[in-house]
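Quick notes on the structure that follows.
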Amino acid sequence: MEQKKSVPWTAVQIINSLDKKELADALSATEYSVQMAAQFLEHYKFKSWVTHNTTEEPVSIEEKRQTAEKIALALASHSRWKNHGHGISREVLWDEVELYIDHPDKELDRRLKRFWALSNWIFDKTPTLKFIFSENYRYIRQQNLPAKA
């Protein structure tokens with residue numbers, strides 16, 4: 001619509017069938033996710049990025065901010081990824097999104113793969129919808145299942 005193109009009839013029907021509050025919540029969550037990802041990239045991932053690899057020119061704060069926002073928007077693009085639930089490989093991030101991630105050592109890589117497999121199993125086989133763990137707290141959200149008679 002912003003590009004002044006006609007919206008497909010099926011898209012209009014889907015939008016009309018959605019709860020407007022849920023749609024607004026989803027749009028707000030996406031916007032918030034982009035903002036948080038951009039801030040993380042700018043302040044942590046790009047913290048030690050001081051010169052451009054090709055030219056050796058210094059990297060400005062504004063360049064870090066713009067690159068972080070570009071990457072965050074690319075990662076949040078539904079038209080690009082089509083699905084929230086699949087992983088994006090390091091190679092795709094490197095080649096297509098231009099987010100350069102170092103390869104972990106073999107032991108860490110093995111542990112990450114095991115954690116991914118365990119997480120996948122938990123989300124597939126239990127009512128768990130989300131879990132967040134840190135040094136200071138843990139949060140687990142599960143869906144409410146109907147009581148058995």
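- Note on ring orientation: taking the six-membered ring where Trp is involved, the planes of Phe131 and Phe123 are parallel (angle under 30°, cut-offs 30° and 60°).
- Identified under the side chain to side chain donor-acceptor pair (under 3.5 Å) test for residues 22-33, with sequence neighbours left out: Lys21-Asp25.
- The heavy-atom pair separating Ser60 from Glu63 by the smallest distance is N-OE1, 2.8 Å.
- Annotation: Ile132, atom CD1; neighbour count of heavy atoms from other residues, nucleotides and ligands within 6.0 Å is above 12.
- Counting non-hydrogen atoms of neighbouring residues, nucleotides and ligands closer than 6.0 angstrom, the CH2 atom of Trp81 exceeds 12 such neighbours.
- By the neighbour-count criterion of 12 heavy atoms within 6.0 Å, atom CZ of Arg80 is densely surrounded, having more than that number from other residues, nucleotides or ligands.
- Applying the ring pair (Phe, Tyr, Trp, His ring centres under 6.0 Å) rule to His52 yields the partners Trp49; only residues at least two apart in sequence or on another chain are considered.
- Minimum interatomic distance between Ala38 and Ala68 (heavy atoms only, all atoms of both residues): O-CB, 3.4 Å.
- Residues Val97 and Ala74 share a closest heavy-atom pair of CG1-CB, 4.1 Å.
- Under the 4.5 Å side-chain criterion, counting only non-hydrogen atoms from C-beta, Ile71 is in contact with Leu99.
- For the residue pair Val59 and Lys64, the shortest heavy atom distance occurs at CG1-CG, 3.7 Å.
- Taking the charged nitrogens against the carboxylate oxygens, Lys70 and Glu98 do have a contact shorter than 4.0 Å, which makes a salt bridge.
- Annotation for Tyr44: atom OH does not count as buried by contact number, only 12 or fewer foreign heavy atoms lying within 6.0 Å.
- Minimum interatomic distance between Glu42 and Phe46 (heavy atoms only, all atoms of both residues): O-CB, 3.8 Å.
- Residue Asp105 comes nearest to Leu108 through the heavy atom pair OD1-N, 2.8 Å, listed as atom of the first residue, atom of the second, then distance.
- Around atom NZ of Lys20, more than 12 heavy atoms belonging to other residues, nucleotides or ligands sit under 6.0 Å away.
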